Amino acid sequence: MIGNLPSDPHPWSERREAGLANTTMRQTLGLVTRRFSVGKRRVFAEDPEQEAARRLGVEAKRQAIANLDSLLDQFASKVRSNGGTALMAGTAHEAVEAVRSIAATHQVKVVVKSKSMLTEEIQLNRGLEAAGLTVLETDLGEYIIQRAHETPSHILAPAAHKNRQQIRELFEDDAKTAGLAPPVSDAASTLTQYARERLRREFLQADMGVTGGNFGVAETGTVVLVTNEGNADLVTTLPRVLVTVMGVEKLVARWEDLTLLIQQPAMNGIGQRLSAYTTLISGPAASVAEGPAAWYVVLVDNGRQRLRHTVYEDVLSCIRCGACLNVCPVFRQVGGHAYGSVYSGPIGVVETPLLTNFGVGAELPSVACTMCHACKEACPMEIDLPGHIIRLRQEKVRRHLNAASLTASYHWWSRIWATPRGYRWSLRWARRLQGLYQRQGRLVRAPGIARGWFQTRDMPPVAQETFIEWWQRHRGGLDRERRS
Amino acid sequence: MATVRLFVTCLVDVFRPEVGRAAVTVLERHGDRVECPVEQTCCGQFAFNAGYRQEAALLAKHFVEVFEGDTTPIVALSGSCAAMVVHHYPELLREAVIEERGSVKEAEGWAARAMAVGREVVEFSQWLGQGSPDSALGTVGRQRLALHQGCHMRRILEETRQPKELLEQQGFEVVELEDSDQCCGFGGTYSMTEWRVSTALADAKLKAFQDAQAGGAAYLVSSDLGCLLHLAGRLRRLGAQDPTRHVAEVLAGEEDRP
């Protein structure tokens, strides 16, 4: 089934310009992503055993995806025997409907959420609010962007594009509506303290908690959340109803597989040995003595299973650590919102068009990658991100998704250069015509595909004598001598 | 005395032929006998990276036909183009031939021919670095150089020692740029089609070079001319001098050109 992802109505050119013009965001993202990348290198150097665990973890994830059908059955039946309810949702729409109907059944009014990219993907908040529910994000970063009516700019650090001053201003506005004292400074501890007090009230009023899921263990029916703020512990224990919304690809077969992978999101994403909180959801209060009265797990496909048994299957191993974003040069320049959907950086470039069959983000493979391969080096799950980006570019050519003029340029350029005669002919013509485009001995303009280059850069003109022409004039005899 | 075949690359051939001449000088001082198959054109990376597989395959087939049937080392004047031939050609030709002709046998034939050619390809500084550390290139390096290691040399060829060691052996002092592992934004035709992002990345790289210059770096040196043309073109447009030099130029002692 083809997935459905949110889509920013602004075209790439506008999103890109908004990103490039936002110097605060670029500075903040630059600092954050560098700090994460340095931290990652340090933490792996300190704990070399984790490299071995990572490798085995990759195998475990690949195996899980290969056996996904049976793991889904096993997981669902374990959840049920633990006293929970497991539901399958084929599309984003079905997933939202499932959560809405759970909320209706339990007469829910207020929903608190812990951080989940999947609920962003299916636009759950919008769906629940449309049904008259109040939805509150409790992860600090998500809380900040919910106040700003924005979407996450980074998979792991949703408010990475905001600095402390901007956050303080948002909280000051929030304090007025909530009738609370505003934060007294923009110190990180003061801002955090404000959010903590503000959210404590909501936790106690909430009827339903919604979480994502970092891992689902098929043999035990356990959902595992890794967070850094402890908010997930409150979301999973205080409200009377708990709903876990997770992608079908989050399953691993065994508890042992989980132990290999549990440190990987934090180690690779933020350079920390383990996230501060690891929350295990094993069932409702009736079966595990504490927690919510009812627990539901909604397993969402939304275009994922289509990728199985294709060259793109390894994409389903993604643990959403964000390491590829942190090293991506384009991401650092334009920020997460420029990608126009939920997932940004290299994984977003690959997943957005794949999950939606090019319905959303078809431009991304062409515009958001310099082919530097830094993401491949960074990905702990060894996903062939640059290879996939090339494949998606090839797919665009096959589907005629590029401008006809661009395709014509490659068509003729390669055909002419595929013979030495054509190559030399093209250079002779370039020498004849380039006078029109020169200033002070430099090329400053050019027509066609090369036009973009000259918007910001010069170029030396085509040499009056190429290297090979020089060689033939001076050294041509050497080759002939050897061949005779 | 080894014989080598020069893989000039289209960018050197067309836009900076002096790099090719410098490479010949250095290789001959190194004691190599240099040949240059004059039928070579372009490796096709520009089309491959843009997703134009059939177009890239046309150029790849031509490259293979020019260079096959001979086990003389092929010395490439670009890390990125070397990576293209060594690491992308076999799969490119296999897939393109299957797509176009539907024949697995023919596809495997082309892949095997590409692999045979790829085995002989070595990047220029890698070739020179293979010899004994004190191999005399006759270079008297005095300056401090800022090195830009191209992404494909670093991550596809997985070459991180060269050209740094080679330059240091010849007396140069080599400094790394801040954020040296970040792409300069060239990316082949990405620099044309997505020039805004490409230029933002160039400016970040040039900012790092400015800091290196303040620390005494005289030139910005790389094994990859694509990156250098992009960065030099940006500086020229901003009204500055061109401080970029290919490794072959500094080793030849020809870095002081105007």
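Given the structure is predicted, the values throughout are model-derived calculations rather than measurements.
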Take atom CZ of B/R161 as the centre, draw a 6.0 Å sphere, and report whether it contains more than 12 heavy atoms from other residues, nucleotides or ligands.
no
Before you tell me yes or no, could you show the steps for A/V397 and A/Y410 under side chain to side chain contact (heavy atoms under 4.5 Å, CB included), namely the whole-Å CA-CA distance, both residues' side-chain angles and the distance that decides it to 0.1 Å?
CA-CA 11 Å; A/V397 172; A/Y410 287 103; over 6 Å; no
When only pairs under 4.5 Å are counted, which of A/L406, A/T407, A/L427 shares the most heavy-atom pairs with chain B?
A/T407
Would you check if there is a donor-acceptor pair between the side chains of B/R234 and B/H230 at a distance under 3.5 Å?
no
What option among B/G20, B/G150, B/A60 has the most heavy-atom pairs under 4.5 Å with chain A?
B/G20
Between B/D211 and B/K207, is there a side-chain N and carboxylate O pair less than 4.0 Å apart?
yes
Residue A/V462 versus chain B: region with a heavy atom under 4.5 Å
both
Taking A/A374, A/A430, A/C372 one by one, which has the highest count of heavy-atom pairs under 4.5 Å against chain B?
A/C372
Sort A/P386 into side chain, backbone, both or neither according to what part of it lies under 4.5 angstrom from a heavy atom of chain B.
neither
Quick check for you: among B/G51, B/C151, B/A47, which has the greatest number of heavy-atom pairs under 4.5 Å with chain A?
B/G51
In terms of ring plane angle, is the pair A/W417 and A/Y423 parallel, tilted or perpendicular, where the classes change at 30° and 60°?
perpendicular
Of all of B/D179, B/D181, B/L6, which one pairs up most often with chain A through heavy atoms under 4.5 Å apart?
B/D179
Most chain A-contacting option - heavy-atom pairs closer than 4.5 Å, from B/V66, B/L231, B/V8, B/T193:
B/V8
A/Q434 vs A/L443, test: side chain to side chain contact (heavy atoms under 4.5 Å, CB included). Steps then yes/no.
CA-CA 7 Å; A/Q434 65 184 352; A/L443 283 176; 3.8 Å; yes
With a 4.5 angstrom heavy-atom cut-off, could you sort out which part of B/E99 is near chain A: side chain, backbone, both or neither?
side chain
Partner chain B: residue of A/H411, A/R421, A/R442 with the largest heavy-atom pair count (under 4.5 Å)
A/R442
Between A/E465 and chain B, with a heavy-atom cut-off of 4.5 Å, which part of the residue counts as in contact: side chain, backbone, both or neither?
backbone
Under 4.5 Å from any heavy atom of chain B, what part of A/R332 do you find: side chain, backbone, both or neither?
side chain
Side chain to side chain contact (heavy atoms under 4.5 Å, CB included) between A/F44 and A/N268, intermediate numbers included:
CA-CA 9 Å; A/F44 269 97; A/N268 290 284; 3.3 Å; yes
What part of B/Q182 is in contact with chain A, defined as an atom under 4.5 angstrom from a non-hydrogen atom: side chain, backbone, both or neither?
side chain
Heavy-atom proximity to chain B below 4.5 Å, by part of A/A368
backbone
Looking at chain B, which one of A/S37, A/P461, A/G19 has the largest number of heavy-atom pairs inside 4.5 Å, strictly under?
A/P461
Contacting region of A/W470 [heavy-atom separation from chain B under 4.5 Å]
side chain
Check B/E194 with A/R16, please: is the shortest side-chain N to carboxylate O separation under 4.0 Å?
yes
Other residues, nucleotides, ligands: >12 heavy atoms within 6.0 Å of A/R431 CZ
yes
What do you reckon, are the aromatic ring centroids of A/F454 and A/Y437 less than 6.0 Å apart?
no
Region of B/F48 in contact with chain A, defined by heavy-atom distances below 4.5 Å
both
Whether the B/H148 and B/S222 side chains hold a donor-acceptor pair (N or O, under 3.5 Å, no angle test) is what I'd like checked.
no
Starting from the C-alpha separation in whole Å, work towards a yes-or-no answer on side chain to side chain contact (heavy atoms under 4.5 Å, CB included) for B/L77 and B/L225.
CA-CA 8 Å; B/L77 299 186; B/L225 190 62; over 6 Å; no
Can you tell me which portion of B/C10 sits under 4.5 Å from chain A's heavy atoms? Options are side chain, backbone, both or neither.
both
May I ask you to check whether B/E123 and B/S223 show a side-chain donor-acceptor distance below 3.5 Å?
yes
Is it the backbone or the side chain of B/I156 that comes under 4.5 Å from a heavy atom of chain A, or both, or neither?
side chain
Interface residue of largest heavy-atom contact number with chain B, from A/R26, A/R398, A/K376, under 4.5 Å:
A/R398
If you count heavy atoms of other groups shown closer than 6.0 angstrom to CD of B/E68, is the number above 12?
yes
Examine whether an atom of A/Q455 lies under 4.5 Å from a heavy atom of chain B, and if so say whether it belongs to the side chain, the backbone or both; otherwise answer neither.
both
Using the six-membered ring wherever Trp is involved, compare the ring planes of B/F7 and B/F67 and label them parallel, tilted or perpendicular (cut-offs 30° and 60°).
tilted
Taking atom types as modelled and ignoring hydrogens, do the side chains of B/R16 and B/T244 form a donor-acceptor contact shorter than 3.5 angstrom?
yes
Contact origin within B/A57 toward chain A - heavy atom pairs under 4.5 Å
neither
Please state whether the side chain, the backbone, both or neither of B/E91 comes within less than 4.5 Å of a heavy atom of chain A.
side chain
Segment of A/T456 engaging chain B (4.5 angstrom heavy-atom cut-off):
both
Go through the atoms of A/I468 and report whether side chain, backbone, both or neither lie under 4.5 Å from a heavy atom of chain B.
both
For A/R34, is it the side chain, the backbone, both or neither that has a heavy atom under 4.5 Å from a heavy atom of chain B?
side chain
Residue, of B/G185, B/C42, B/A50, that accumulates the most heavy atom pairs under 4.5 Å with chain A:
B/A50
